[in-house]
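Predicted model only: the values in this text are computed from it and were never measured.
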Amino acid sequence: MRLTNCNALLDCFPDLRVYFTVSPKPPHAHMCVDCSTVWSNKTSLLYHVISRHLSLKPFACDACERTASVYTVVQQHYAKAHAHLSDKPSQMRLSAKPQSALKCSACGETFPAALHLLFHFFEQHWYEIQLAREEAAASAAVGAVDEPANEEAALPLEREEQKRQRLQQTCDHE
């Protein structure tokens, strides 16, 4: 599957689309539902959602353990921290390597384009990340000392579970 924009990613993973709306004010740019920031295109809004609201870092450096929400951050890091690994300094503009293969932070698989990596990341690793977050929240709740049950605190976990189920169903149908 060739991804030229983020529409294909949003179509397969509708849980991401819930963050997207169109700004009511001209020029009718793309707006984040959670924080009302406005972006000129969907891809920029997608990276905003990944970094600010989902706190994901799907891009990894080939030479070390550094990860980031946006691939250009990893490329800039590589150019500064690992310039000595390049055969030709001219190849180190902003690309992590000649040809700029992008590495998944969860499994190390490489991809030729950022949206391809994001599609892989959400398809292969989103469920396990959600489970880890739920387990961490559950263990934190067990550590709490006899606090009264808070229904509002349970709502985000229920919402995340519903999102996970919808995501699983969507990807199973393809």
Side-chain angles (χ1 to χ4, degrees), residues 1-20 29-140 143 156 160 163-164 167-168 171:
M1 169 187 274
R2 179 169 163 76
L3 298 175
T4 56
N5 60 46
C6 70
N7 284 328
L9 187 70
L10 295 173
D11 290 343
C12 187
F13 304 104
D15 289 344
L16 293 174
R17 193 175 286 282
V18 301
Y19 291 95
F20 288 68
H30 304 281
M31 186 170 74
C32 177
V33 171
D34 271 10
C35 66
S36 301
T37 56
V38 177
W39 301 88
S40 61
N41 59 62
K42 285 182 185 175
T43 303
S44 296
L45 176 54
L46 176 65
Y47 285 119
H48 162 77
V49 169
I50 288 169
S51 65
R52 298 288 184 235
H53 302 299
L54 300 178
S55 300
L56 297 175
K57 293 185 175 186
F59 299 97
C61 178
D62 274 347
C64 69
E65 300 297 316
R66 174 79 187 255
T67 60
S69 299
V70 182
Y71 70 95
T72 55
V73 171
V74 171
Q75 290 174 326
Q76 291 169 352
H77 155 78
Y78 189 94
K80 290 177 184 174
H82 308 295
H84 62 283
L85 298 176
S86 174
D87 293 338
K88 298 177 184 174
S90 62
Q91 292 176 338
M92 289 310 301
R93 301 179 305 277
L94 283 180
S95 61
K97 305 192 278 190
Q99 304 306 315
S100 286
L102 301 168
K103 181 179 165 185
C104 175
S105 64
C107 68
E109 190 172 343
T110 58
F111 297 87
L115 289 174
H116 291 238
L117 186 148
L118 290 174
F119 188 87
H120 157 82
F121 188 84
F122 283 104
E123 185 176 55
Q124 299 297 319
H125 307 297
W126 180 246
Y127 179 70
E128 65 192 47
I129 290 168
Q130 289 301 99
L131 284 179
R133 287 180 175 178
E134 289 171 8
E135 289 173 3
S139 66
E160 292 300 324
K163 284 182 181 180
R164 186 195 59 75
L167 174 66
Q168 191 66 35
C171 289

Novice: Would you check, one step at a time, whether the test side chain to side chain contact (heavy atoms under 4.5 Å, CB included) holds for Leu54 with Ile129?
Specialist: CA-CA 10 Å; Leu54 300 178; Ile129 290 168; over 6 Å; no

Novice: Lys57: what forms a side-chain contact (heavy atoms from CB on, under 4.5 Å) with it, not counting sequence neighbours?
Specialist: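 Testing Lys57 for side-chain contact (heavy atoms from CB on, under 4.5 Å), a comparison that skips the adjacent residues, returns Thr67, Ser69.
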
Novice: Output all residues satisfying ring pair (Phe, Tyr, Trp, His ring centres under 6.0 Å) with His48, sequence neighbours left out; order by chain, then residue number.
Specialist: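 Ring pair (Phe, Tyr, Trp, His ring centres under 6.0 Å) check on His48 returns Trp39, His53.
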
Novice: Measure the spacing between NZ of Lys103 and CG of Leu117 and express it to the nearest 0.5 Å.
Specialist: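 CG of Leu117 is found 11.0 Å from NZ of Lys103.
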
Novice: Take Leu46 and Leu16, measure what side chain to side chain contact (heavy atoms under 4.5 Å, CB included) needs, and give me the verdict at the end.
Specialist: CA-CA 8 Å; Leu46 176 65; Leu16 293 174; 4.1 Å; yes

Novice: Considering residues at least two apart in sequence or located in another chain, which fulfil the salt bridge (charged side-chain N to carboxylate O under 4.0 Å, His left out) criterion with Arg66?
Specialist: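 Checked Arg66 against salt bridge (charged side-chain N to carboxylate O under 4.0 Å, His left out); zero matches.
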
Novice: Partners of His30 by side-chain hydrogen bond (donor to acceptor under 3.5 Å, both in side chains), sequence neighbours excluded?
Specialist: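 His30 satisfies side-chain hydrogen bond (donor to acceptor under 3.5 Å, both in side chains) with no residue once adjacent residues are dropped.
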
Novice: Which heavy atom of Val74 sits nearest a heavy atom of Ala68, and at what distance?
Specialist: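 For Val74 versus Ala68, the nearest heavy atoms are CG2-CB, 3.6 Å.
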
Novice: Go through the structure and list residues passing side-chain contact (heavy atoms from CB on, under 4.5 Å) with Ala114, not counting sequence neighbours.
Specialist: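 Testing Ala114 for side-chain contact (heavy atoms from CB on, under 4.5 Å), a comparison that skips the adjacent residues, returns Tyr47, Phe59, Tyr71, Leu102.
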
Novice: Nearest 0.5 Å, please: how far is CG in Leu10 from CG in Asp15?
Specialist: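 Going from CG on Asp15 over to CG on Leu10, the span is 11.0 Å.
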
Novice: In Å, rounded to the nearest 0.5 Å, how long is the span from CD of Gln124 to SG of Cys107?
Specialist: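 So the CD of Gln124 and the SG of Cys107 are separated by 7.5 Å.
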
Novice: Rounded to the nearest 0.5 Å, how far does OG1 of Thr37 lie from CZ of Arg52?
Specialist: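 If we round to the nearest 0.5 Å, Arg52:CZ and Thr37:OG1 are 9.5 Å apart.
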
Novice: Give a yes or no on this: more than 12 heavy atoms of other residues, nucleotides or ligands lie within 6.0 Å of atom CD of Glu128.
Specialist: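 Counting neighbours around CD of Glu128, more than 12 heavy atoms of other residues, nucleotides or ligands fall under 6.0 Å, so yes.
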
Novice: If you look at every heavy atom in Ala101 and Asp62, which pair is closest and at what distance?
Specialist: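 Scanning both residues, the minimum pair turns out to be O-OD2, 4.4 Å.
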
Novice: Tell me, please, which residues at least two apart from Ser44 pass side-chain hydrogen bond (donor to acceptor under 3.5 Å, both in side chains).
Specialist: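 Per chain and number, Ser44 pairs via side-chain hydrogen bond (donor to acceptor under 3.5 Å, both in side chains) with Asn41.
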
Novice: Of all the heavy-atom pairs spanning Val38 and Ala29, show the shortest one and how long it is.
Specialist: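 Nearest heavy atoms, Val38 then Ala29: CG1-CB, 3.3 Å.
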
Novice: Closest heavy-atom contact between Ser55 and Arg133?
Specialist: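 Shortest heavy-atom contact: O-NH2, 3.4 Å.
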
Novice: Between Ala136 and Ser139, what is the shortest heavy-atom contact and its length?
Specialist: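 Minimum heavy-atom separation between Ala136 and Ser139: O-OG, 3.0 Å.
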
Novice: In Å, rounded to the nearest 0.5 Å, how long is the span from NE2 of His116 to SG of Cys104?
Specialist: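 Atom-to-atom, His116:NE2 and Cys104:SG are 14.5 Å apart.
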
Novice: Measure the CG-CZ distance between Leu9 and Phe122 for me, rounded to the nearest 0.5 Å.
Specialist: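 The CZ atom of Phe122 is 6.5 Å from CG of Leu9, to the nearest 0.5 Å.
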
Novice: Might you point out which heavy atoms bring Lys42 and Phe20 nearest each other, and give the distance in Å?
Specialist: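 The pair with the smallest heavy-atom distance is O-CE2, 3.5 Å.
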
